[in-house]
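Here is the structure we will look at.
Along the sequence shown, residues are numbered consecutively beginning with 1. Just so you know, ligand 1 is whichever comes first in the structure, and atom 1 is the first atom listed for that ligand.
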Amino acid sequence: MSAFDLIVIGAGPGGYVCAIRASQLGLKVAIVEKRATFGGTCLNVGCIPSKAMLHASELYEEAGHHFAAMGIDVKPKLDLAKMLAFKDEGVKGNVDGVAFLLRKNKVDHFHGTGRIKAPGKVEVTFINGEKQDVDAKSIVIATGSAVAKLPGIDIDEEAIVSSTGALSLPRVPKRLLVIGAGVIGLELGSVWRRLGSQVTVVEFLDRVLPGTDGEVAKQLHRLLGKQGMTFKLGHKVTAVKKNGAAQSVTIEPSNGGDKETLEADVVLVAIGRVPFTDGLGLAEAGVKLDNRGRVIVDAHYQSSVPGIYAIGDVIDGPMLAHKAEDEGIAVAELLAGQAGHVNYNVIPNVVYTAPEVASVGKSEEELKAAGVAYKVGKFPFTANGRAKSNRATDGFVKVLADAATDRVLGVHIIGANASEMIAEGAVLMEFGGSAEDLARTCHAHPTLTEAVKEAALAVDKRAIHF
Ligand code: FAD
Ligand code: NAI
């Protein structure tokens, strides 16, 4: 007899949500986490602290540059130590919340490192070196991801940092060089630019935010440039050398060409993340990985070994907290005999820059590549009443609908509060809704969401306010 029905390895958004859902469904569940706190990358060193710093730094910039126009005369003074403490408090509130939820749902927890000895058997090594075997009918691997490294460039989390170090810099660097114009580079680059750094972003490709709708990415690139961020697109970093207190960064065009040296005080490496399976004993257990190190799973999240499942950043798909959570729920429901399922066509994606970028469904580039005939409805925030009165007119909403059926295939928003507005597109798409459905839904006035309705009207060339 196994002690548990399920043991989950890793207590990030995938793992802890899976454990709670499985327990709700009557399974006896344990979770193993090697970090001192629950919540994984997302709550400890990812989503939550980065959003706290983005929020605080955005208000700092607003107060310094935009309050005066509204008749508020203030001169903000940065207390970085306090801002970092504000961020840490947000993290603590969240990780403590997860500990509470696990207790409330009667999930047993082991603070230690898990290793799969065999199907149904996990060995936990505690911090003091002691070991314990835990038996369970099923094992879910939810060990997440780690920072991708650049060969020859050592991350010391002081002068050369990953996102983790960039969330806790004790001083505002005069010059910050960011490697990678992906989501981390643009979010954390924005934080430090707002706080006073000169930020240069070096990106291998000739565009920012690969994978995002091209028109949206182009607009964001232009707006971040206007805010003072410098971009070196189509360039790669080949070396970072210490030069006294500064760092000498050698870059060269991605397609070959002359080298150039840039000086920076801090270098942020943000070139992606890689699945994390170190020390899990997967090779010995016979669990197969793909050529990028991700655990291969079937449609029910089962690995190549029966009884061993995997979810979240450690498997294929976007590395997003809500995708990990939904997979956690799906696998728990499948283990309880229900029909767990994730709709991968409707996973929203948000970049929390100012303005924010949010999308769900297909981009124009993806639809073109798939040969799908589509209609475009676009509406700019310059023509939205609320955006005008708030002086937040940067950006637009774009709705992409199937040319034949009018079914919405993608919604792309660049603008203030895009992160909240995208949920409307996700709900519509989950129900297979059309642009006509969206256009006929009454939207409160004055709200930014009226731009979403107008973009849906524009699919049929009948926007009212533009
Ligand atoms: P993780 O959150 O990585 O959790 C895995 C856990 O497993 C970790 O706690 C780890 O300690 C533990 N673990 C690993 N191996 C073992 C072992 N052998 N034994 C015991 N425990 C183990 N996503 C969003 O959706 N929105 C955002 O705004 C966002 N912002 C981000 C900002 C940053 C700076 C970063 C780095 C990431 C961000 N992400 C964001 C991505 C998000 O954090 C991940 O997609 C998400 O955390 C993945 O969840 P997970 O449960 O798969 O893995
Ligand atoms: P990313 O994959 O978003 O971007 C990495 C960028 O680095 C790409 O543009 C890539 O072309 C570039 N690059 C790669 N190698 C390079 C090189 N040698 N020189 C210059 N540029 C190079 O990865 P990022 O930003 O590190 O984020 C990792 C993951 O974390 C993301 O995939 C995302 O899923 C998740 N995340 C999500 C957030 C959100 O949802 N708001 C916020 C932060 C992270």
Side-chain angles (χ1 to χ4, degrees), residues 8-18 31-51 53-54 95 110-116 122-125 140-148 150-151 153 162-164 166-167 178-189 201-212 217 232-238 251 254 268-282 310-315 317-325 327-328 347-353 356-358 419:
V8 182
I9 309 179
Y16 84 75
V17 168
C18 173
I31 195 161
V32 190
E33 172 55 58
K34 64 179 182 167
R35 237 181 250 271
T37 50
F38 298 117
T41 304
C42 179
L43 273 60
N44 289 281
V45 289
C47 327
I48 294 299
S50 60
K51 265 76 261 179
M53 290 302 284
L54 280 155
V95 299
F110 297 88
H111 269 300
T113 302
R115 184 176 73 87
I116 300 173
V122 172
E123 177 190 74
V124 180
T125 306
V140 168
I141 301 167
T143 48
S145 60
V147 175
L150 262 177
I153 298 177
S162 70
S163 52
T164 302
L167 284 166
V178 179
I179 312 177
V183 59
I184 291 182
L186 299 189
E187 287 188 356
L188 295 183
V201 183
V202 181
E203 164 60 46
F204 186 82
L205 301 174
D206 57 6
R207 57 162 293 170
V208 305
L209 289 183
T212 305
K232 283 275 186 189
L233 300 184
H235 278 76
K236 61 181 176 190
V237 171
T238 51
I251 67 168
S254 307
L268 163 60
V269 181
I271 58 161
R273 293 181 63 83
V274 290
F276 183 80
T277 55
D278 291 3
L280 264 180
L282 297 190
I311 55 168
D313 279 11
V314 80
I315 66 168
M319 288 184 167
L320 294 172
H322 40 284
K323 175 258 192 190
E325 288 186 34
E327 287 176 346
I347 297 197
N349 208 317
V350 176
V351 185
Y352 296 79
T353 43
E356 292 179 341
V357 166
S419 57

**Study point:** A270 near ligand 2 by a heavy-atom separation under 4.0 Å
**Key:** yes
Review point. Looking only at distance, does T113 have an N or O less than 3.5 Å from an N or O of ligand 1?
Key: no
Review point. Do any nitrogen or oxygen atoms of Y352 lie less than 3.5 angstrom from nitrogen or oxygen atoms of ligand 1?
Key: no
Review point. Do ligand 2 and E203 have nitrogen or oxygen atoms that lie under 3.5 Å from each other?
Key: yes
Review point. Going by the order shown, which atoms of ligand 2 are within less than 4.0 Å of some heavy atom of V350?
Key: 39 (C), 40 (O), 41 (N)
Check your understanding: Which is closest to atom 2 (O) of ligand 2 in terms of heavy atoms, P348, P318, G272?
Key -> G272
Study note, to complete from the structure: At under 4.0 Å between heavy atoms, what of L150 touches ligand 2? The answer is side chain
Point to revise | Proximal ligand 2 atoms for V202, defined as those under 4.0 Å from one of its heavy atoms | key: 20 (C), 21 (N)
Study note, to complete from the structure: The atoms of ligand 2 lying under 4.0 Å from a heavy atom of Y352, numbered in the order shown, are 41 (N)
Practice item. Consider every N or O of I179 and every N or O of ligand 2, then say whether any pair is closer than 3.5 Å. Key: no
Exercise for review: Please determine, by modelled atom types, if T37 and N44 share a side-chain donor-acceptor pair under 3.5 angstrom.
Suggested key: yes
Point to revise | P210 N/O to ligand 2 N/O under 3.5 Å | key: no
**Study point:** For atom 2 (O) of ligand 1, the protein heavy atom that lies nearest, with its residue and separation
**Key:** T41 N, 3.0 Å
Practice item. Please work out which of S163, G182, G317 has its closest non-hydrogen atom nearest to atom 4 (O) of ligand 2. Key: G182
Practice item. Please confirm whether S163 comes within less than 3.5 Å of ligand 1 when only nitrogen or oxygen atoms on both sides are compared. Key: no
Check your understanding: Do L205 and ligand 2 have an N or O pair less than 3.5 Å apart?
Key -> no
Check your understanding: Among protein heavy atoms, which sits nearest to atom 3 (O) of ligand 2, and what does the distance come to when rounded to 0.1 Å?
Key -> V183 N, 3.3 Å
Exercise for review: Out of E187, R273, E356, indicate the one that has the non-hydrogen atom closest to atom 42 (C) of ligand 2.
Suggested key: E187
Point to revise | Protein contact to atom 15 (N) of ligand 1 [nearest heavy atom, distance to 0.1 Å] | key: T143 CG2, 3.3 Å
Study note, to complete from the structure: among protein heavy atoms, the one nearest atom 26 (N) of ligand 1 is C47 SG, 3.8 Å
Exercise for review: Could you pull out the closest heavy-atom pair between R273 and M319, with the gap in Å?
Suggested key: O-CE, 3.5 Å
Review point. Considering H235, K232, M319, which one's heavy-atom position lies nearest to atom 33 (C) of ligand 2?
Key: M319
Practice item. May I ask you to check if ligand 1 and L320 share an N or O to N or O distance below 3.5 Å? Key: yes
Check your understanding: Under 4.0 Å from any heavy atom of K34, which atoms of ligand 1 are there?
Key -> 11 (O), 13 (N), 14 (C), 15 (N), 16 (C), 20 (C), 21 (N), 22 (C)
Review point. Would you say G114 and ligand 1 have an N/O pair spaced under 3.5 Å apart?
Key: yes
Revision key, fill the gap. Atom 21 (N) of ligand 2 has as its nearest protein heavy atom F204 N, 3.1 Å
Practice item. May I ask whether R273 has any heavy atom positioned less than 4.0 angstrom from an atom of ligand 1? Key: yes
Study note, to complete from the structure: One finds that the ligand 2 atoms under 4.0 Å from a non-hydrogen atom of G180 are 6 (C), 7 (O), 12 (C), 21 (N)
Exercise for review: With heavy atoms under 4.0 Å as the rule, classify the contact between S145 and ligand 1 as side chain, backbone, both or neither.
Suggested key: backbone
**Study point:** Which of the ligand 2 atoms, numbered from 1, are nearer than 4.0 Å to a heavy atom of I184
**Key:** 24 (P), 25 (O), 26 (O), 27 (O), 28 (C), 43 (C), 44 (C)
